[in-house]
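Count residues from 1 along the sequence. These values consider heavy atoms only, across backbone and side chains, with no hydrogens, waters or symmetry-generated copies.
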Amino acid sequence: MSTTTTNTATGNFTFTQWDEKPVAGADGGARIAHAAVTNDFTGGIQATGTSCQYTLVYTDETTGAFTGHEFIEGSVDGRSGSFVLEQRGSFGADGTISCTLTVHPGSGSGELAGLAGTGSFTARHGDSTVPYTFTYDIG
């Protein structure tokens, strides 16, 4: 019988590239966009040059929601491997961006095989570095 221990990792990630392109709709009104994003993580998650793909839904110029998936290859608290984070969030007229993170089941590899976890971040529009919290276990 194996046991798992729940751990919490904290740190920051930095947007190193944000390439957003419109998909459908009109500027100023409801529209959909796609963003290809690259991040660097420090702290409990260590990774450089992650690959993240977002679909953004704007309800007007400053509010909306997004979903995405981010492939992270690096380490979590010193364990090496890779995994995929599913992300769901929203952004408001006040510039606040809120997001929840969930490890896609079965996506962990290497020393991160069996990784399960959730996390979150809150940012302000224009922040290039964002703090995160990630609670996880490795089964």
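Two different hydrophobic clusters hold V57 and W18 under the rule that ILVMFWY side chains link at heavy-atom gaps under 4.5 Å. Put simply, F71 and F83 are part of two different groups of oily side chains (I, L, V, M, F, W, Y) that touch within less than 4.5 Å, one to the next.
The shortest distance between side-chain heavy atoms of F91 and Y58 falls below 4.5 Å. The shortest distance between side-chain heavy atoms of V130 and N12 does not fall below 4.5 Å. The closest side-chain heavy-atom distance from I45 to F134 is below 4.5 Å. Side-chain contact between T100 and Q87: absent, with no pair of heavy atoms (C-beta onward) separated by less than 4.5 Å. Counting heavy atoms from C-beta on, the side chains of F13 and T42 never come closer than 4.5 Å. Between D137 and N7 the shortest side-chain heavy-atom distance does not fall below 4.5 Å.
T133 and T10 form no side-chain donor-acceptor contact under 3.5 Å, judged by distance and modelled atom types alone. Side-chain contact, H69 with Q53: no donor N or O sits under 3.5 Å from an acceptor N or O. Between T14 and S128, the side chains place no donor N or O within less than 3.5 Å of an acceptor N or O (distance only, hydrogens not considered).
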Could you walk me through whether T67 and Y54 pass the side chain to side chain contact (heavy atoms under 4.5 Å, CB included) test, one step at a time? CA-CA 6 Å; T67 59; Y54 287 119; over 6 Å; no
Take I138 and L112, measure what side chain to side chain contact (heavy atoms under 4.5 Å, CB included) needs, and give me the verdict at the end. CA-CA 7 Å; I138 300 176; L112 300 176; 3.9 Å; yes
Report the C-alpha separation of F15 and V37 in whole Å, then their side-chain angles, then the decisive distance to 0.1 Å, and conclude whether the side chain to side chain contact (heavy atoms under 4.5 Å, CB included) test is met. CA-CA 7 Å; F15 296 110; V37 180; 3.7 Å; yes
As a quick check of understanding, evaluate side chain to side chain contact (heavy atoms under 4.5 Å, CB included) for Y136 and T8, giving each step before the final call. CA-CA 6 Å; Y136 70 94; T8 300; over 6 Å; no
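With hydrogens and angles ignored, the 3.5 Å screen pairs no side-chain donor or acceptor of R31 with any backbone N or O of E61. The backbone N or O of R79 lies less than 3.5 Å from no partner atom in the side chain of E111, so there is not a single donor-acceptor pair. Judged purely by atom type and a 3.5 angstrom limit, S82 has no side-chain atom pairing as donor or acceptor with the backbone of I72. A donor-acceptor pair under 3.5 Å is formed between the side chain of D40 and the backbone N or O of G49. The backbone N or O of T62 sits less than 3.5 Å from a side-chain atom of D60, completing a donor-acceptor pair.
Between H125 atom NE2 and T96 atom OG1 the span is 11.5 Å, to the nearest 0.5 Å. For the atom pair CD of Q17 and OG1 of T50, the computed distance is 10.5 Å after rounding to the nearest 0.5 Å. Taken from CZ in F121 to SG in C99, the straight-line distance is 4.0 Å, to the nearest 0.5 Å. Going from atom CD of E73 over to atom OG of S80 covers 9.5 Å, rounded to the nearest 0.5 Å.
Among the candidates L85, T118, V84, the single residue satisfying the side-chain contact (heavy atoms from CB on, under 4.5 Å) test with T102 is T118.
The two residues L56 and H34 make their nearest non-hydrogen contact at CD1-C, 4.2 Å. Contact record, C52 with N39: CB-ND2, 4.5 Å, taken as the closest heavy-atom pair. The nearest pair of heavy atoms linking G44 to A9 is CA-CB, 3.7 Å.
Atom CZ of R88 has 12 or fewer heavy atoms from other residues, nucleotides or ligands within 6.0 Å.
Note on K21 versus D19: salt bridge recorded, some NZ/NE/NH1/NH2 to OD/OE distance being below 4.0 Å.
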